[in-house]
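Have a look at the structure below before the remarks.
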Amino acid sequence: MTKETMSSDDDNFTLSDLKRRKKKKKRPVPNGDDDDDAKPKRKPVSNASSTSSSKKRFRPKPDGIVSSHTPEPVMSSSNKRRKSISTEKKKKTASTAKPRTLKKLEKIERLQYAMQAFLWWDAPSPPEGCQWRTMEHACVSFPDLYQPHGIQMLYNGEPVEITPAQEEAATFFAATDPEGMHLGNPKTAKIFIKNFFADFRAVLGRRHIIKDFTKCDFEPIRRHLNEQKIIKKAITDVEKKERKAGTNRTLFRHGFALVDGHLERVGNYNMEPPGTFRGRGAHPKMGKIKSRVIPEQVQLNVSECAPAPQCSVPGHAWGEVRHDPQVQWLAQWKENINNQVKYMQLAAQSSFKGKSDRQKYNKAALLCLNIGKIRTATRKALRAKKTEDRQLATAVWVIDRLALRVGGEKDTDEEADTVGCCSLRVEHVTFDPNEEGGDNKEIELEFLGKDSMLYKQTIDFGSELYNQSDNMGKQVYDNFKKFCKNKRKSEEIFDKITPIMLNQHLKQFMNGLTAKVFRTYNASKTLQDELAKTEQSSAWRSRTAAEKVVEYNNANREVAILCNHQRSVSKAQETQLETLGGKLETLKRQKKVLKKMLKLITAGKTEKIPVKKSEREMIEAAAEAIASAKRMKEEAKTDAEKIAATEADEAAKQQRRDCNDGKFTQAHLWEKIPSQDQVIKKINSWTAKIAKMEMNLKHKDDNKEVSLGTSKINYMDPRISVAWCKRNEVPIEKIFPISLRGKFNWAMAVEPDWEFNAGIAKQK
DNA sequence: GTGCCGACTTAGCATGACGAGC
DNA sequence: GCTCGTCATGCTAAGTCGGCAC
């Protein structure tokens with residue numbers, strides 16, 4: 001432990017320390033009333049060359065901070081005109097207007113300011129091999145100790161006496177959703193229950209009455225947990241505020257670190273609470289009980305001169321305090337399920353992550369320079385005499401063209417059985433899956449990849465896409481056939497090579513090249529090429545920003561499909577799609593009725609035209625139910641009253657939904673007989689509504705199983721997106737949410753004509 | 001050469017915050 | 001002003017890869 005310790009109730013340590021260090025460099029503050037503030041003065045400078053004008057326009061804006069000198073993001077020309085007019089007006093009224101008062105910033109906003117003041121790409125690097133010079137932080141925040149609820153589970157239909165520790169374990173199981181991804185699937189439920197019950201019995205002890213899982217009934221505890229959720233929903237605004245303040249106290253104490261004198265955000269400062277292990281797919285250890293981590297299991301990493309934080313759990317102390325500037329982690333501990341080390345690290349917006357991100361994308365850009373020679377060498381090696389060389393070349397082709405991961409070896413007793421390129425087995429490929437015969441060169445690849453996500457695609461190795469001038473696709477197909485010949489289904493296709501050999505092979509072409517660089521390269525290249533295709537179309541210039549964003553998302557989707565980034569469709573999403581489909585059908589039916597009405601009016605048979613039924617009663621009843629539920633919520637004191645209020649609220653909301661549905665079903669009608677013009681107008685309006693809803697539904701359906709975020713966060717060079725936004729006058733916030741603008745702050749100053757190519761790589 | 005482990009990146013899911021639309 | 005759907009964020013599992021020990 002160190003000589004100096006931090007006060008456990010000092011939630012301002014980062015700020016006060018910052019003040020201490022910056023005392024001599026004190027700057028004007030945004031509020032003018034608080035010396036805690038640190039306001040950025042310098043402009044971020046791009047690592048790529050840029051003109052002063054573009055820097056002015058695209059300098060990253062400190063998010064959430066109102067600042068008169070902060071440049072606006074890209075604006076459309078009409079926006080610029082509006083802005084110019086409004087500026088004129090302001091000038092005219094300036095002499096008569098009251099002096100403007102600056103917005104009072106929240107503490108979190110002020111800290112944000114302090115962090116954004118640090119432009120790491122301008123700062124001197126730490127010594128060779130080191131990640132930092134000084135580091136100071138408050139380490140992890142531990143979850144509260146378990147508070148027993150006293151609700152007894154049933155065994156053989158009878159309540160059983162259990163200790164608080166046993167009750168905690170039972171509560172872990174009760175908290176698992178019976179319809180969820182673990183217990184909702186009979187195959188995984190079996191593994192989950194087996195593992196949980198083994199650990200639960202260890203907690204119960206040998207002599208305990210509970211011996212058979214089928215006689216266990218966790219329903220009373222599950223009911224109790226559901227009631228707690230309902231009570232939580234019924235909290236008042238004041239209670240909400242108090243809860244938020246509590247969360248913020250933890251954030252201010254543990255969520256920031258001082259690295260080389262700069263404030264940085266910590267990523268995961270909350271210690272993982274105990275519970276059941278939620279491994280993905282058919283993980284053999286799912287359901288096992290994850291133990292509570294105590295401070296003695298935690299090692300911290302702080303600089304020698306920094307005070308080690310005081311342990312916040314009374315009666316406990318840190319396991320070890322280390323001073324290792326060669327690593328990024330702030331704290332580490334071992335978890336009991338897989339015996340793996342877990343780390344507390346800085347957040348994605350930090351300088352550490354920013355530096356490695358930039359390095360990663362520059363390395364991928366460098367591949368532009370080398371991809372030609374790699375492909376030429378691969379083409380030759382596909383026919384090499386040595387099987388090992390042919391396997392290496394085939395694997396490189398698969399990683400390059402199909403964007404598969406390298407696929408390390410796994411122990412299926414300890415982990416889920418998932419594979420990548422090198423670990424593909426004969427059972428994962430089907431030749432000529434559609435039994436077309438002849439010269440068919442199709443292979444169906446079907447396997448579980450990372451996170452047990454299904455990869456299922458039929459590749460036509462004989463197609464133009466994979467052959468062009470070099471016929472590589474056909475050769476790869478032949479190689480696959482040879483590698484699978486005379487092998488059992490459970491044998492590896494690439495049995496002569498390993499990921500280590502493959503990466504060593506790649507390094508002869510380019511320093512630092514590994515298999516995963518291909519995914520970054522291909523994702524970035526695909527995005528750039530897809531965006532270029534749309535920009536070249538004649539109608540592009542006349543498109544609105546919203547339409548351009550749709551095209552961006554389409555390009556993003558191509559990348560996500562290439563990288564097989566999927567997401568599962570939730571029940572809520574399915575219901576929503578069904579509801580939308582139902583609404584669309586209603587609109588179409590209503591349009592038919594409207595057309596019929598038009599015919600009746602033309603024929604003078606207005607008496608046959610249906611009119612709208614009164615909705616007043618229905619609306620009033622729903623409004624009264626809502627008001628009554630609100631009163632109940634406000635007056636609720638006890639848990640029972642809170643539960644009743646929440647239930648009344650849910651029922652009232654359902655009543656209002658029914659009311660809205662009722663209104664929707666007769667929205668095409670009038671209270672009186674309409675005129676011909678009115679009907680024609682409504683038919684046109686309904687046609688537009690139907691078209692809009694059809695487009696919306698298609699868009700939702702197309703994207704429901706594709707996860708766009710993963711490629712945006714990890715694979716596509718952000719500079720491509722920033723440059724595209726600048727070229728096309730699309731505000732960057734339409735593409736990158738606030739967290740990504742923070743993560744990619746180093747990329748914000750690129751020129752509009754910036755390109756992901758070998759030239760960029762040469763600059764580095 | 002091989003296996004193991006540490007360090008860091010990549011990944012999907014759950015949940016809460018927020019904002020568009022009524 | 002309120003609600004509901006969407007999106008952002010937090011959480012933590014699951015990969016890759018380098019380096020070290022044997």
Side-chain angles (χ1 to χ4, degrees), chain A residues 131 177 180-182 229 232-233 240 243-244 247 251 255 267-273 275 277-281 283 285-286 290 301 324 326-329 332 334-335 337-343 345-349 352-353 356-357 360 405-411 414-416 418-420 422-423 448-453 498-504 506-507 512-517 519-520 523 563-568 570 572-573 575-576 579-580 623 626 630 649 652-653 656-657 660 663-664 696 700 703 707-715 736-743:
Chain A
Q131 312 251 15
D177 180 4
M181 63 187 284
H182 298 98
K229 274 185 197 165
K232 200 178 158 192
K233 269 189 193 172
K240 255 185 206 168
R243 186 174 293 171
K244 181 81 185 159
T247 315
L251 168 70
N268 52 330
Y269 55 88
N270 284 325
M271 172 55 74
E272 294 176 19
F277 175 68
R278 313 284 176 99
R280 312 234 171 96
H283 197 293
K285 292 188 175 178
M286 66 165 67
K290 249 175 73 168
N301 193 20
D324 185 356
Q326 294 188 332
V327 293
Q328 294 184 0
W329 57 264
Q332 63 156 277
K334 265 201 174 166
E335 48 90 29
I337 304 292
N338 298 302
N339 206 28
Q340 279 175 347
V341 181
K342 297 237 169 174
Y343 300 93
Q345 296 189 49
L346 291 185
Q349 304 96 308
F352 287 179
K353 303 291 177 193
S356 50
D357 258 3
K360 172 181 80 180
R405 292 183 190 83
V406 67
E409 204 182 317
K410 292 184 81 180
D411 179 355
E414 299 285 313
E415 301 162 279
T418 62
V419 298
C422 292
S423 48
L448 295 180
K450 184 178 176 181
D451 290 318
S452 294
M453 299 312 285
T498 64
I500 295 167
M501 288 164 73
L502 192 132
N503 284 335
Q504 272 168 356
L506 292 173
K507 280 187 181 59
L513 181 62
T514 62
K516 85 185 184 84
V517 181
R519 274 169 79 83
T520 315
C563 296
N564 199 40
H565 292 145
Q566 299 179 29
R567 59 175 178 179
S568 52
S570 67
Q573 266 178 310
T575 317
Q576 194 203 356
T579 314
L580 267 179
I626 294 276
K630 198 178 173 187
D649 192 45
K653 279 176 185 166
R656 197 178 43 203
R657 274 193 290 271
N660 287 340
K663 278 161 77 180
F664 185 76
N696 189 10
K700 280 203 167 82
N703 283 326
S707 167
L708 301 186
T710 311
S711 44
K712 205 185 262 186
I713 296 166
N714 299 303
Y715 286 110
F736 288 154
I738 186 168
S739 59
L740 288 191
R741 297 202 294 280
K743 176 176 158 75

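Proteins come first, then strands; the chains are lettered A, B, ... in the order of their sequence lines, and each starts at number 1. Note that these values count all heavy atoms, side chains included, but never hydrogens, waters or copies made by symmetry.
Between the C1' atom of C:dA13 and the CD atom of A:E415 lies a distance of 11 Å, rounded to the nearest Å. Between A:N338 atom CG and C:dG15 atom P the separation is 11 Å, expressed in whole Å. In this entry the distance linking CD of A:E272 with P of B:dC13 reads 18 Å, nearest Å. Following rounding to the nearest Å, A:K334 (NZ) and B:dC5 (P) show an atom-to-atom distance of 7 Å. Rounded to an integer number of Å, the gap from CZ of A:R567 to C1' of C:dA8 is 13 Å. If you take CE of A:M181 and P of C:dA14, they are 9 Å apart, rounded to a whole angstrom. Rounded to an integer number of Å, the gap from CG of A:L502 to C1' of C:dT16 is 12 Å. At whole-Å resolution of the value, CZ in A:F277 and C1' in C:dT12 are 9 Å apart.
Along DNA chain C, the nucleotide closest to A:I500 and the one closest to A:G408 are compared, and the more 5′ of them pairs with A:G408. In terms of position along DNA chain B, the nucleotide closest to A:E409 lies nearer the 5' end than the nucleotide closest to the other residue of the pair A:E409 and A:K353. Heavy-atom distances to DNA chain B give each of A:K516 and A:S568 a nearest nucleotide, and the one nearer the 5′ end belongs to A:K516. With the nearest nucleotide of DNA chain C identified for both A:D451 and A:V406, A:D451 has the one nearer the 5' end.
Among the protein residues, A:Y343 comes within range of the nucleic acid bases, having at least one heavy atom under 4.0 Å from a base atom. In this structure, A:K244 reaches neither bases nor backbone, as no heavy-atom distance under 4.0 Å exists between it and the strands shown. Across all strands shown, A:Q340 has no heavy atoms under 4.0 Å from either base or sugar-phosphate atoms. Across all strands shown, A:K712 has no heavy atoms under 4.0 Å from either base or sugar-phosphate atoms. Contacts of A:K290 with the nucleic acid, taken as non-hydrogen atoms under 4.0 Å apart, involve only primed sugar atoms and P, OP1 or OP2. Within the nucleic acid shown, A:G709 has no heavy atom closer than 4.0 Å to any nucleic acid atom. At a threshold of 4.0 angstrom between heavy atoms, the contacts of A:A515 are confined to the sugar-phosphate backbone, with no base atom among them.
For A:T710, a side-chain nitrogen or oxygen approaches OP1 or OP2 of B:dG12 to under 4.0 Å. Within the 4.0 Å cut-off from OP1 or OP2 of B:dC8, not a single side-chain nitrogen or oxygen of A:S356 is found. Taking 4.0 angstrom as the limit, A:H565 places none of its side-chain polar atoms (N or O) nearer than this to OP1 or OP2 of B:dG12. For the pair A:Q345 and B:dA7, the criterion of a side-chain N or O lying under 4.0 Å from OP1 or OP2 is not met. For C:dG15, one of the phosphate oxygens OP1 or OP2 lies less than 4.0 angstrom from a side-chain nitrogen or oxygen of A:T418. For A:R280 and B:dT10, the shortest distance from a side-chain N or O to OP1 or OP2 is not below 4.0 Å. For A:T514 and C:dC17, the shortest distance from a side-chain N or O to OP1 or OP2 is below 4.0 Å. Dashed line: the shortest gap from a side-chain N or O of A:Q131 to OP1 or OP2 of B:dC8 is under 4.0 Å. At C:dA14, one or more side-chain N or O atoms of A:H283 fall inside 4.0 Å of OP1 or OP2 (strictly under the cut-off). Taking 4.0 angstrom as the limit, A:N268 places none of its side-chain polar atoms (N or O) nearer than this to OP1 or OP2 of C:dT12. Within the 4.0 Å cut-off from OP1 or OP2 of B:dA11, at least one side-chain nitrogen or oxygen of A:R405 is found. For the pair A:K410 and C:dA14, the criterion of a side-chain N or O lying under 4.0 Å from OP1 or OP2 is not met. Distances shown here put a side-chain N or O of A:K342 below 4.0 Å from the OP1 or OP2 atom of C:dA13. Between A:Y715 and B:dA11 there is a side-chain N or O to OP1 or OP2 distance below 4.0 Å.
Using a 30° and 60° split on the angle between ring planes, A:H565 and A:Y715 fall in the parallel class, below 30°.
In this structure, the side chain of A:K712 does not engage the main chain of A:F736 through any donor-acceptor pair within 3.5 Å. Formation of a donor-acceptor pair under 3.5 Å by the A:R519 side chain with backbone atoms of A:C563 is found in this model. Panel note: side chain A:Q131, backbone A:V327; no donor-acceptor pair is recorded below 3.5 Å.
Using a 4.5 Å cut-off on side-chain heavy atoms (C-beta onward), A:L251 and A:Y269 make contact.
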Working for side-chain contact (heavy atoms from CB on, under 4.5 Å), residues A:E414 and A:K285: CA-CA 7 Å; A:E414 299 285 313; A:K285 292 188 175 178; 2.6 Å; yes
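Here the side chain of A:K450 is nearest to one of B:dG12, C:dG15, B:dC13, namely C:dG15. Of the candidate nucleotides B:dC8, B:dT10, C:dC17, B:dT10 has the atom nearest to the side chain of A:K360. Checking C:dA8, B:dT10, B:dG12 against every side-chain atom of A:N714, the shortest atom distance belongs to B:dT10.
The nearest pair of heavy atoms linking A:K360 to A:N714 is NZ-O, 2.8 Å. Closest approach of A:Q328 and A:K353 over heavy atoms only: OE1-NZ, 3.5 Å.
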